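Below is one structure; the comments refer to it alone.
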Amino acid sequence: MDELIYGHNTEKNIVAVQQIDESRVKLYFREGNLVREEIRNFYPFFFISDKSYLEGFRKNFWLKKLKGNNFYQYVCAFNDLTDMWNAVRVILRNYSARHMVKVETYADAEIIYLRPDPVHQFLLQTGITLFKGMEFNDIYRIQLDIETYTRHRFSNPERIEDRIVLIALSDNRGWKHIIDGRRKNEKQMLSELVEIIQKKDPDVIEGHNILNFDLPYLIKRAELNEVELSLGRDKSKPKVATITYDKETVFTGIEIYGRHIIDTLILVQLYDFVKRELESYSLKYVSRYFGISSANRIFIPGERVSWYWENEPETLIKYAIQDAEETRKLSELLTPPYFYLTQMLPFSFWQVIKSGSSSKIESMLVRAYLRQRHSLPKPDVGFQTTGGYTDIFYTGIFENVVHADIESLYPSIMINFKVAPKKDELGVFLKMLEGLTKMRIEAKHKMKTAETPKEKAKYDAIQSSFKILINSFYGYLGYSRAIFNDYESADKVTSIGQDILKHLIAEIKKRGGKVIEADTDGIYFLPPEEYSTEVKSPDFVKQVSSILPEGINLVYNGFYKKMLSYKKKNYALLDKDGNIEIKGASLISRGMEPFARKYIAQCIRYLLNGEIEKIHELYKSLFKAISERKIDIFELAKTETLREKPERYIEMVKLGRRNKSAGYELAISRGKNYRPGDKITYYITGSTPDVKSFENCKLVEEWNPFRRDENVAYYLSKLNEYSRRFEIFFKPDDFKKIFSLNDGINFDNVEIITRKLKEEIS
DNA sequence: TAATTAAACCA
DNA sequence: TGGTTTAA
């Protein structure tokens, strides 16, 4: 089993692979603090651009689609050069004269490529991955942070008078260093950096936003200063990686030969993609969030850096060192799962971070197939039709609510009901899933029994690296571009999941419980009277779990003092410590105006605490603040992400295929050259509530506090609209009273209404 | 270089 | 209805 997952990983401690010439590569092994080099041969291979050439090779060679210059290519690898040239001959013989001519004519250019990216291909072919057999603490990481000087608001690497004034470095062995711009000119600073990197020879270079700021800046300044920025293990310069698409060149990253670049900003984004808790991705905010801020943290906003350099350089130095150290701690927190994944996947550290879940799974499947020299299938065309089961049976407020969910529902179904892609002739898909699951359980066990925090952290990283893979198997089945995709199997997984959940709901009802809401693999319910305590409810969960099929387990997931049930996928929970958790797009969403988000959250708090009069007071005060124009404009302003390119947006609107949108209209009309991904914050102007927002909007920066022009009627009607979220919890008369401007109302008799929306399945 | 469906809300 | 954001 290990073999399937670890592939050909027989080499230990390899930290880098590098091409020497056409048929040899240099391997770098880390041994303690030293790096040993060794030269090896590698397998020849070629790319072809048209898969029809591969028909004659089914089950003879391994094939993998890869992206070359704007189009997908297929790779064939061979034991030796003779084998490879034989294959070329077969291709030439098997296809028509036209094709033959074409192949020959373009042999060096378009159709057949020889070794365009040996390092990557070497890893892919042999399955030798970096850092094999190493622990995260074994690798040598350097953190880098630069500070730049400018007379303008923002520093620009191309402006000759701007310059790098500080380079702060730290490493994971407690070393710290400052390259000080007071003693050295920029040229000397850059040379010192090169010297240090060559001498220290780090495996990894880390930084927060290093890919979009520090490294590009260093590269540009090195160019201007005519310094060879030889940071690579082969003393080469950093390579700016781009892809050309529609004649447009897009920056995709920076590569330093033989080293890994880790940008902690990307890791933070990845983290928040799941968690959705962060307000900002800045190093300072994130460090505080994770509780890893340096003691006496200095904060210097970007536009103040130059001032500090001129007036208080020592403070700036401390600040830069703190940045480097926080980057190290952040990386220690976020990268280990990916580090351990590089030992399982034929990808480098950075590729593992950047690649999506399907390529992770597929790379393992492809590796297993190519080891057996078995051909690979093509993706099926079609789509998955079934998903998870979601239902809501009651709305209102409930006490003593239990949350239980089925442990790893989809992976468990795949394993226990043997659901696998029909194209997987070698049957490796399930074996891998089972193996990974087993290994994750072992890692979890080692984590629990670990004796030191360090050990614990290590096994936690390992088990979460398994989790990342395990969770990707189901999604892979329904993915249109996956070569082993199988929509029927994907549907089978979800329909079995639906049946299990429905069965569970019926069982809880049968045993005297009351199910409030269910979604995919979890349920919120009121247990029968005799189990309605935090201590006893897990017993009930256990009993119910026993009726589920073999290998499918319902686990207790929490006991809540109160639950507010609003709609499918929308609810709030109050735990015994008074913490409130709000879930659902209609109750908590980044698309809402900040005042609305806070208003809804407050109303929910008051509702759960039974403080009806406070809702009334809040409504009144907010109404007043808006009508008297006393509310902060940022509370009213919406923030929109512009994801489409301006040309595309304009085109779609012109064709009537898309509605106009305030964010885009503003960005375009203000002549801002926005890039997809940019955010825009705007508010609504005018005087009636039903204005078209894309015709009546202004950037929040354009707002004038002395001539306030926000649309009061519009925002008041918004307030009422948001209040209506709470309509279902009250009798109509009570609702009117609460959300009114009247004074002196008595709320003693207000009842919170519970509604039964439908009968539980039985 | 790209995992899935379900559901709510907005313009 | 298409776009966006969320839950799982």
Side-chain angles (χ1 to χ4, degrees), chain A residues 65-68 70-72 241 243 245 250 252-253 273-276 347 351 353-362 379 383-392 403 405-406 408-410 468-482 484-487 489-491 493-495 497-498 501 517-524 557 566-571 581-593 596-597 638-644 649 652-653 655-665 684 690-697 714 718 721-722 724-725:
Chain A
K65 71 179 189 186
L66 263 195
K67 208 191 167 194
N70 304 332
F71 52 91
Y72 277 92
I243 52 166
Y245 182 77
V250 186
T252 55
F273 184 75
V274 184
K275 280 268 174 175
R276 294 172 181 282
F347 293 132
Q351 282 171 322
I353 292 166
K354 288 293 276 185
S355 68
S357 31
S358 88
S359 50
K360 289 189 176 79
I361 297 299
E362 196 160 279
F383 51 89
Q384 188 182 337
T385 53
T386 322
Y389 170 67
T390 309
D391 220 337
I392 180 166
H403 176 41
D405 62 19
I406 302 166
S408 311
L409 178 64
Y410 289 167
I468 292 170
L469 291 178
I470 290 166
N471 287 344
S472 310
F473 276 75
Y474 154 71
Y476 180 83
L477 289 175
Y479 177 44
S480 56
R481 309 182 93 144
F484 286 97
N485 62 0
D486 182 348
Y487 305 109
S489 292
D491 283 334
V493 172
T494 50
S495 15
Q498 291 211 7
L501 198 68
E517 202 244 23
D519 190 354
T520 312
D521 60 352
I523 39 170
Y524 288 92
N557 213 345
Y566 176 57
K567 286 190 172 173
K568 287 178 182 175
K569 295 180 193 281
N570 285 275
Y571 57 87
E581 212 180 312
I582 301 171
K583 293 269 190 175
S586 53
L587 300 178
I588 191 161
S589 162
R590 287 174 184 184
M592 279 185 210
E593 301 86 350
R597 228 159 31 214
K638 256 189 183 176
T639 301
E640 217 172 275
T641 312
L642 308 167
R643 46 189 70 237
E644 221 127 36
Y649 168 79
M652 295 295 269
V653 169
L655 292 169
R657 309 243 303 144
R658 190 195 202 286
N659 294 324
K660 282 190 174 180
S661 141
Y664 288 96
E665 294 297 319
I684 302 300
D690 51 358
V691 292
K692 285 200 166 102
S693 64
F694 61 84
E695 284 168 348
N696 297 272
C697 50
Y714 171 86
K718 277 265 156 181
E721 210 175 284
Y722 289 121
R724 267 202 293 283
R725 301 261 205 286

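Treat the numbers as computed from the prediction; the structure is a model and nothing was measured. Here is how names work: the chains are called A, B, and so on, in the same order as the sequence lines, proteins then strands, and each is numbered from 1.
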Are the side chain of S589(A) and the backbone of G591(A) linked by a donor-acceptor contact shorter than 3.5 Å?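 Yes.
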
Side-chain (K360(A)) to main-chain (S355(A)) donor-acceptor, under 3.5 angstrom: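 Judged by distance alone, yes, a pair lies under 3.5 Å.
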
Nearest whole Å is fine: how far is [N] [atom2] from [X] [atom1]?
X	N	atom1	atom2	answer
E593(A)	dC9(B)	CD	P	15 Å
L469(A)	dT4(B)	CG	P	17 Å
K583(A)	dT6(C)	NZ	P	11 Å
I361(A)	dA2(B)	CD1	P	12 Å
Y649(A)	dG3(C)	OH	C1'	11 Å
E640(A)	dT4(C)	CD	P	8 Å
Y524(A)	dA8(C)	OH	C1'	10 Å
N485(A)	dT5(B)	CG	P	12 Å

Starting from the 5' end of DNA chain B, give me the residue, Y476(A) or I392(A), whose nearest nucleotide shows up first.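 Its nucleotide being nearer the 5' end, the pick is Y476(A).
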
For [N], does either OP1 or OP2 sit under 4.0 Å from a side-chain N or O belonging to [X]?
X	N	result
Y571(A)	dA8(B)	no
K718(A)	dA11(B)	yes
R276(A)	dT6(C)	yes
K638(A)	dA11(B)	yes
K354(A)	dA2(B)	no
Y714(A)	dA11(B)	yes

Base, sugar-phosphate, or nothing: which does [X] touch, judged by heavy atoms less than 4.0 Å apart?
X	answer
S661(A)	nothing
F383(A)	nothing
R724(A)	nothing
T386(A)	sugar-phosphate
E665(A)	nothing
G387(A)	sugar-phosphate
I588(A)	sugar-phosphate
T252(A)	nothing
D405(A)	nothing
S472(A)	nothing

Are [X] and [Y] linked by a side-chain donor-acceptor pair shorter than 3.5 Å?
X	Y	value
S661(A)	E640(A)	yes
Q384(A)	Y479(A)	no
E362(A)	Y476(A)	yes

Quick check: any donor-acceptor pair below 3.5 Å linking the side-chain of K569(A) to the base of dA7(B)? no

Give the nucleotide from the list [options] with an atom nearest to the side chain of [X].
X	options	value
Y664(A)	dT4(C), dA11(B), dA8(B)	dT4(C)
T390(A)	dA11(B), dA7(B), dT4(B)	dA7(B)
N659(A)	dT1(C), dA2(B), dT5(C)	dT1(C)
S358(A)	dT5(B), dA3(B), dC10(B)	dA3(B)
R643(A)	dA8(C), dT4(C), dT6(C)	dT4(C)
D521(A)	dA8(C), dC10(B), dA8(B)	dA8(C)
S586(A)	dT4(C), dA11(B), dC9(B)	dC9(B)
Y566(A)	dC9(B), dA11(B), dG3(C)	dC9(B)
Q384(A)	dC10(B), dT4(B), dA7(C)	dT4(B)
A585(A)	dC9(B), dT1(C), dT6(C)	dT6(C)

What orientation do Y474(A) and Y410(A) show, parallel under 30°, tilted 30 to 60°, or perpendicular over 60°?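 Judged by the thresholds at 30° and 60°, the geometry between Y474(A) and Y410(A) is tilted.
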
Salt bridge K569(A)-D519(A), side-chain N to carboxylate O under 4.0 Å: yes

Inspect the contact between R658(A) and E644(A) and indicate whether a charged nitrogen and a carboxylate oxygen are less than 4.0 angstrom apart. yes

Euclidean distance for P, dA2(B) against dA8(C) (whole angstrom): 27 Å

